[in-house]
Amino acid sequence: MGGIGKTALAVEAAHRARARGWFPGGTLFVDLRGYDDDPVTADQAVLALLDALGVRGQDLPPTPERQYDAYRALLAERRERMLLILDNASDPSQYLPLLPGTDHHRVLITSRDRPDALAVRLVPLETLAPEDSAALVTRALHDTDDRDDRPAHEPDALRELTDLCSHLPLALQISVGMLRRRRHRDIASLVADIRGAGDPADVLDRGSPGTDLYGRSLSLRPVLETSYRRLPADQARLLRLLCLAPAAETSTEAVAALADLGMECALSLLESLAATHLVTPVHGRIEMLSAVRWQVHDLVRAFGVGLVAVDADLREEGEAARERVLAFYFRWANAADDRLRWLPGRIEPERFAGRGQALAWLDSERAGLVAAALWAREGRYADTAVRLALCLGDYLDWRRYFDDKITVCRVAQEAAHRAGDRPGEAAAWNNLGVALGSAGRLDEAIDAHTRARDLHQAAGDRRREAMAWNNLGADLWEADRVDEAIDAHTRARDLHQATGDRHREAMAWNNLGLALRSAGRVDEAIDAHTRARDLFQAAGDRHGEATAWNNLGLALESAGRVDESIEAYGKALPIHREFEDWYRTGQTLNGLALAHKAADRPANARTYWLQAAEAFIRANAPTEATRVRTWAAELPE
């Protein structure tokens, strides 16, 4: 892309090659100015090349055809190899007539566009690695003034500055010039200025030190504008809309929804934009066209957002695109959520044939889904974004992305409250409470579920009130407020019985059993988990059944019935593995380890604890993994 440092790299490579004796015949350099308003033509360039080769005045042939003949003849006669650098080409017509016509010499061409139709070797240039960006700034400042130790004293500010420059050499070079001028100020002050502006180009272009070694303007915006202006209308439109996408990477499928295009049309336009290096393909784990992801450079994104912001028609076009992509995310997230919750006898959700497909799609789109849900802050999108946030709850729990869930649910709760959507607000409080509880923030979780319960009570929604009671009970149990937990779960159970919701009654029985066991009422706990297991089995909920078997194992172990507890854990384990629920797999393996330790079988206990550690690692639960490994290590040989 523009500003990546093509010219600087080509010139540096030429100097090194000359120093090694590769081109004893010398180097010819032509700036084709391909992205200026008046690019250099091949006819103009050949005159400059002939002049450099000593052909001028009366010796210059009168017509372009004869000038090309003279140019190629001179190169063919040269025994010593030469290097020809054709810099900044925007179209093959600028350089094809200038190729020597012999493989004796070498040609290096720089361009922002990929000439895919030509049989030339392509060397794509990416932005710098973060450590190289920091080294570039550090070295450039030190070369100017070896006493400039700001990079050493401000490593965090330096890292943030290079991130804000998106590791683009042009932006880094401009920032170095600004730091030289601001030699009495720290790096953090420039970081603060750029962050405050929102668009890095605004600050960097205002503070640009002028021109580089090649006499070119050190400015970001003109580089981006020339690339943008050269695009056909359909590509320019897609680029603008892609800059408005919610996440840094967007799947082909989501881009098609954003731009209201068919998949093949969207893919073709994206490939064309990738050839100009304005977007970059990022291949995900699922090798399907719909799952190929596309990334826009941060500075290009800021440029595109700025274009849209200052034009009323483009703003409306952008708002419509955001509504489309939000509707796309909600439709398929809702279908995926239905699949995760699906039980035999219910209507089959669309698109996703099984849990694995639903989870794979949610995993691949997670960044976009979470970012789009945060659009609930904006009134125009609040309703759909709140619904999207709610249907992400189970998935984010399953993958243990608690920070994402807390953020999404809090935004949804606030948006629903502003809109006077009490059912939506209550549901958001409920999901928020689950996330807070999972993150160990029990006081906040209890408050959230209390608010959800009260809103459902006020609305007369007994089914959802029961769900809130059940979740509140789980928080109270975790907070060691056991008697209150028993009361809450009992209320939940009774309300579910009254509304005839046998499946959620099973959940209440299961949680009630945990609280009863903590209260020392072990026989009642065994009965509660047995009831939960039977109800889950009747509902066809194998995952719920596995949870009940696991908890029954805990209760049986507390009753000293170790062999029966091992049998119960053994029923839970294959189901958890079948569902790839690695956290609960780890919990069940931990239960098996404890039971075998109690039965004085340390070798078995060690094996199960080590297996539990592997499961917890897969579940993104490193703390639990470390704990069970420690217990395994403490066992006697």
Side-chain angles (χ1 to χ4, degrees), residues 1-14 29-36 39-42 45 83-99 106-129 166-170 216 220 222-243 249-252 255 259 261 263-284 287 289 292-301 303-304:
M1 65 177 289
I4 204 73
K6 299 180 290 296
T7 301
L9 179 60
V11 171
E12 176 66 18
F29 179 96
V30 180
D31 183 357
L32 296 173
R33 301 183 182 179
Y35 301 92
D36 290 358
V40 173
T41 65
L83 172 64
L84 174 61
I85 299 178
L86 302 175
D87 186 45
N88 214 20
S90 61
D91 190 276
S93 65
Q94 288 183 285
Y95 57 78
L96 285 178
L98 305 177
L99 300 183
R106 293 290 177 264
V107 182
L108 180 57
I109 303 164
T110 73
S111 178
R112 301 181 198 176
D113 299 273
R114 290 174 58 96
D116 290 319
L118 302 176
V120 296
R121 181 184 176 191
L122 300 176
V123 183
L125 301 184
E126 307 296 338
T127 53
L128 297 178
S166 302
H167 308 288
L168 184 72
L170 175 59
R216 297 176 183 174
L220 282 169
V223 170
L224 299 172
E225 284 174 348
T226 54
S227 293
Y228 173 74
R229 283 201 308 267
R230 290 176 52 81
L231 295 174
D234 53 354
Q235 292 180 36
R237 173 182 178 269
L238 184 61
L239 180 65
R240 290 194 305 270
L241 298 183
L242 189 53
C243 291
E249 295 179 7
T250 310
S251 67
T252 307
V255 174
L261 297 171
M263 281 285 295
E264 285 298 328
C265 182
L267 184 60
S268 177
L269 290 174
L270 287 164
E271 288 171 336
S272 296
L273 287 171
T276 66
H277 299 281
L278 289 169
V279 304
T280 304
V282 182
H283 295 273
E287 293 306 320
L289 289 181
V292 175
R293 311 189 69 75
W294 303 87
Q295 187 176 56
V296 181
H297 192 278
D298 289 346
L299 294 172
V300 175
R301 179 183 291 274
F303 171 76

Closest approach of [X] to [Y] (non-hydrogen atoms, all atoms of both residues):
{"X": "L98", "Y": "A45", "answer": "CD1-CB, 3.6 Å"}
{"X": "A42", "Y": "S93", "answer": "CB-O, 3.6 Å"}
{"X": "L261", "Y": "C265", "answer": "CD2-SG, 4.1 Å"}
{"X": "R301", "Y": "L242", "answer": "NH1-O, 3.9 Å"}
{"X": "V292", "Y": "P281", "answer": "CG1-CB, 4.5 Å"}
{"X": "L122", "Y": "P115", "answer": "CD2-CD, 3.7 Å"}

Under 4.5 Å between any side-chain heavy atoms of [X] and [Y], yes or no?
{"X": "L32", "Y": "S90", "result": "no"}
{"X": "H297", "Y": "T280", "result": "no"}
{"X": "Y95", "Y": "V30", "result": "no"}
{"X": "P39", "Y": "R33", "result": "no"}
{"X": "L168", "Y": "M1", "result": "yes"}

- Query: Just by distance, do the side chain of Q295 and the backbone of V282 share a donor-acceptor pair under 3.5 Å?
  - Reply: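 Here the side-chain-to-backbone pair does not exist.
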- Task: Without swapping roles, check the side chain of K6 against the backbone of I109 for a donor-acceptor pair under 3.5 Å.
- Result: no
Gap between atom [atom2] of [Y] and atom [atom1] of [X] - 0.5 Å precision:
{"X": "D31", "Y": "I85", "atom1": "CG", "atom2": "CD1", "result": "11.5 Å"}
{"X": "D234", "Y": "L239", "atom1": "CG", "atom2": "CG", "result": "11.5 Å"}
{"X": "Q235", "Y": "L278", "atom1": "CD", "atom2": "CG", "result": "9.0 Å"}
{"X": "R230", "Y": "D113", "atom1": "CZ", "atom2": "CG", "result": "6.0 Å"}
{"X": "L273", "Y": "L231", "atom1": "CG", "atom2": "CG", "result": "6.0 Å"}
{"X": "W294", "Y": "L267", "atom1": "CH2", "atom2": "CG", "result": "5.5 Å"}

- Partner of T7 under side-chain hydrogen bond (donor to acceptor under 3.5 Å, both in side chains), chosen from D87, T110, N88: D87
- Query: Between F303 and L220, is a side-chain contact (heavy atoms from CB on, under 4.5 Å) present by the stated rule, with each step listed?
  - Reply: CA-CA 10 Å; F303 171 76; L220 282 169; over 6 Å; no
- May I have the step-by-step check of side-chain contact (heavy atoms from CB on, under 4.5 Å) for L86 and L108, ending in yes or no? CA-CA 6 Å; L86 302 175; L108 180 57; over 6 Å; no
- What do the steps show when you test Y35 against S111 for side-chain contact (heavy atoms from CB on, under 4.5 Å), and what is the final call? CA-CA 9 Å; Y35 301 92; S111 178; 3.3 Å; yes
- Go through the steps to decide whether H167 and E126 satisfy the test side-chain contact (heavy atoms from CB on, under 4.5 Å), and finish with yes or no. CA-CA 9 Å; H167 308 288; E126 307 296 338; over 6 Å; no
- Task: Answer yes if the side chains of T226 and R112 hold a donor-acceptor pair under 3.5 Å, and no otherwise.
- Result: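 Yes, a side-chain donor-acceptor pair sits under 3.5 Å.
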